[in-house]
Every structure is written in structure tokens, then in C-alpha cells.
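Here the structure is laid out as C-alpha cells; the discussion comes afterwards.
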Amino acid sequence: MSRGLRTTLFLAGAAGLAILMWLSFAQLPPFGQSQHLYRDLAVPAAISRATANVVASVNFDQRALDTLGEETILLGSVTGVMALLRPAMEEREYHTSGRRTALDATRVVGYLMLPVTIALGIDIVVHGHLTPGGGFQGGVVLAAGLHLLYITGSFRALDRLRPVNVFDVGEALGAAAFVAIGLAGLVFGGVFLANLLPTGQLGNLFSAGSVPLLNLAVGVEVACGMTVLLAQFLAQEITVAKRGDNS
């Protein structure tokens, strides 16, 4: 494809995007108004499904198909990073001693904060339909918590704690679970991602129908995906070197 043709295609796509953006902005309600159509629709819908966290209701009930798209984007991003950062022909992987210099205070704080951060991440995921948070936020906290071992200077311990192959499978299972719940809604409810479970009572842990299950699936997918992502970057920095490099 010639440079001129690529430029023409880009300009055509940019013009189409500009038109769509202009039409969408032109139809937005005036800024500062007390009336907000989306708010007036989303909040009653969340309350009707006993979902205390309205954002979770929007993400996993009212617009769950969009959330599936976001999950797919993350899955594709992690897959792309794994493909790009795999050792090239002129590179090799080597084993490190696993021990790097770190202050004693840093190591103590890292070891103490590891279980606390993991517990916090699980709490954010499990209670995502009740309080601010959810699968995306909790998944990132869980992935970050695991990598506190790297802060302590023990890369080998981190490698043992998070085997990349296991977390790679976990990411796929989280995304597949989201799709499976959606297909169950299609089979038994006639609509993909239909909410089939009892909604329970507002504010209770077992409420909001299928929202907590979708939240959990996203939490598993995001936690595993971010863990694999960080693992690839760390491996590229620490355990990959050019062939013939003895450092």
C-alpha cells in the first residue's frame, strides 16, 4: 500500500470519526443542569435490581456487553505483550540468583503488606456490588499485592508465588466465565447477559442477581491478566539478555 493511499484512508477515517464525535457532543445536555437523563435512568434501574453500587449496576447489568468488550481488550493486550516480549532469536533466558539488595525496613514492610493487600483486593472484588470498587479495581490491587515480593528484593520468591502459566490460564478462565454467564442468560432468559438470579435485598452480600458473579469473573481475569503483564515486563528486564552476554 502506497503512502498516498494510507494517508487517504486515514483522512477518511478521521473525518468520519470527527463527524460522529460532533454529532454526539451536539446532543449532550447543557453543562451544569440539574436534570441528567442517564442518571435518572441508571439509579432507579440499579435500585430495582438491589444493586447498592450504581456503577456496578451500569457495568455488569445495564451495559454488561460493553464490559465484555473491555475484558476482551485487556485479554488481547496481554496476549500482544506476551507475543512481543518473548525472547527473540538473538536473546536467551537465564536464571538469576533471585536476591537483590533491599533495605531491611523495605523487606519487612513488603512482607507485612503482602497479605494485607491481597485481603484488600479480595474484599474490593467481593463487595464490588455494594461499595465503590469491583472486579477491575480489585484485580489491579491483587496483581500489585503479589508484586510486593519484588519490592522486597526476592525475584525468585515472586517467580514461585505467581507461575505465569497458571495465571495465563486463569485470565482465560475469567473471560470465559463472563461469556458463560452471558450465554446462560441467553438460553434461559432469551437475552445475552440477562440477569437470572434472585436480586435479594438491597445492601446484603447476596444481592444484585448475577452482578456479583460477573464482578468475580472480571476480578479473576484482571488480576491474572495484570499479573502476567507485569511478569512479562519484569522477565524482559531481569532474565533476558543478548546471546553471548555473560552479565
Side-chain angles (χ1 to χ4, degrees), residues 49 51 53-86 114-115 117-150 158-159 161-187 191-197 205-236:
R49 299 295 184 90
T51 308
N53 184 4
V54 177
V55 176
S57 175
V58 173
N59 288 339
F60 301 108
D61 190 1
Q62 302 173 40
R63 301 185 62 179
L65 189 61
D66 293 347
T67 304
L68 177 60
E70 295 168 7
E71 264 204 311
T72 306
I73 291 172
L74 177 60
L75 181 63
S77 300
V78 174
T79 303
V81 169
M82 292 181 67
L84 288 172
L85 295 185
R86 70 185 188 276
L114 174 61
T117 308
I118 298 299
L120 177 62
I122 294 173
D123 181 78
I124 292 174
V125 173
V126 172
H127 294 89
H129 60 295
L130 301 177
T131 58
F136 286 101
Q137 300 88 333
V140 172
V141 172
L142 288 170
L146 289 175
H147 285 81
L148 284 174
L149 277 179
Y150 177 70
L158 173 62
D159 232 10
L161 182 65
R162 54 111 180 92
V164 176
N165 292 336
V166 174
F167 280 87
D168 192 22
V169 173
E171 182 192 17
L173 290 177
F178 198 106
V179 175
I181 296 171
L183 291 175
L186 180 63
V187 172
V191 178
F192 185 67
L193 287 168
N195 196 336
L196 300 176
L197 300 177
L205 181 60
F206 297 101
S207 61
S210 59
V211 171
L213 294 181
L214 294 172
N215 216 4
L216 182 61
V218 169
V220 171
E221 200 264 350
V222 172
C224 293
M226 294 302 297
T227 300
V228 172
L229 196 66
L230 292 172
Q232 293 299 319
F233 282 113
L234 288 176
Q236 180 70 21

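Count residues from 1 along the sequence.
Residues satisfying the side-chain hydrogen bond (donor to acceptor under 3.5 Å, both in side chains) test with T227, not counting sequence neighbours, are none.
Here the straight-line distance linking atom CE of M226 with atom OG of S77 works out to 10.0 Å at 0.5 Å rounding. Separation of atoms CD (E221) and CG (L74) is listed at 4.5 Å; rounding is to 0.5 Å. With rounding to the nearest 0.5 Å, the separation of OG1 in T79 from CG in L229 is 10.5 Å. The line from CG of L148 to CG of L114 is 6.0 Å long, rounded to the nearest 0.5 Å. The structure places CZ of F167 at 8.5 Å from CZ of R162, a figure rounded to the nearest 0.5 Å. Of the inter-residue distances, the one linking C224 atom SG with L75 atom CG reads 11.5 Å to the nearest 0.5 angstrom.
Counting heavy atoms from C-beta on, the side chains of I122 and I118 come closer than 4.5 Å. Using a 4.5 Å cut-off on side-chain heavy atoms (C-beta onward), L214 and T67 make no contact. Between L205 and V126, some side-chain heavy-atom pair lies under the 4.5 Å cut-off. The shortest side-chain heavy-atom distance between F233 and V81 falls under the 4.5 Å cut-off. Residues I124 and P132 are not in side-chain contact: their nearest non-hydrogen atoms beyond the backbone lie 4.5 Å or more apart. Two residues are said to be in side-chain contact when any heavy atoms from C-beta on lie closer than 4.5 Å; L216 and V125 meet this criterion. Between N59 and E70, every side-chain heavy-atom pair lies at or beyond the 4.5 Å cut-off. The side-chain heavy atoms of V220 and L173, taken from C-beta on, include no pair separated by under 4.5 Å.
Sorted by first and then second residue, the side chain to side chain donor-acceptor pair (under 3.5 Å) pairs with a member in residues 122-149 read D123-H127; sequence neighbours excluded.
What you find for L130 and S207 is that their closest heavy atoms are CD2-OG, 3.9 Å. Taking both residues in full, the closest heavy atoms of A56 and G128 are given as CB-O, 3.5 Å, listed atom of the first, atom of the second, then distance. The two atoms that bring A208 and T51 nearest to each other are CB-OG1, 3.3 Å, heavy atoms only. Of all non-hydrogen atoms in F178 and A217, the two that sit nearest each other are N-CB, 4.0 Å. Taking each heavy atom of L186 and F192 in turn, the nearest pair found is CD1-N, 3.8 Å.
Between the side chain of S210 and the backbone N or O of L197 there is no donor-acceptor pair closer than 3.5 Å. Side chain of N215 to main chain of G135: a donor-acceptor pair is present (N/O by atom type, distance under 3.5 Å, no hydrogens or angles).
Aromatic ring pairs are classed by plane angle as parallel below 30°, tilted from 30° to 60° and perpendicular above 60°; the pair F136 and F60 is parallel.
Of the listed residues (R63, R49, Q62), just one forms a side chain to side chain donor-acceptor pair (under 3.5 Å) with S57, and that residue is Q62.
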Requested in this report: Give the intermediate values and the outcome of side-chain contact (heavy atoms from CB on, under 4.5 Å) for residues Q232 and V164.
Outcome: CA-CA 9 Å; Q232 293 299 319; V164 176; 3.9 Å; yes
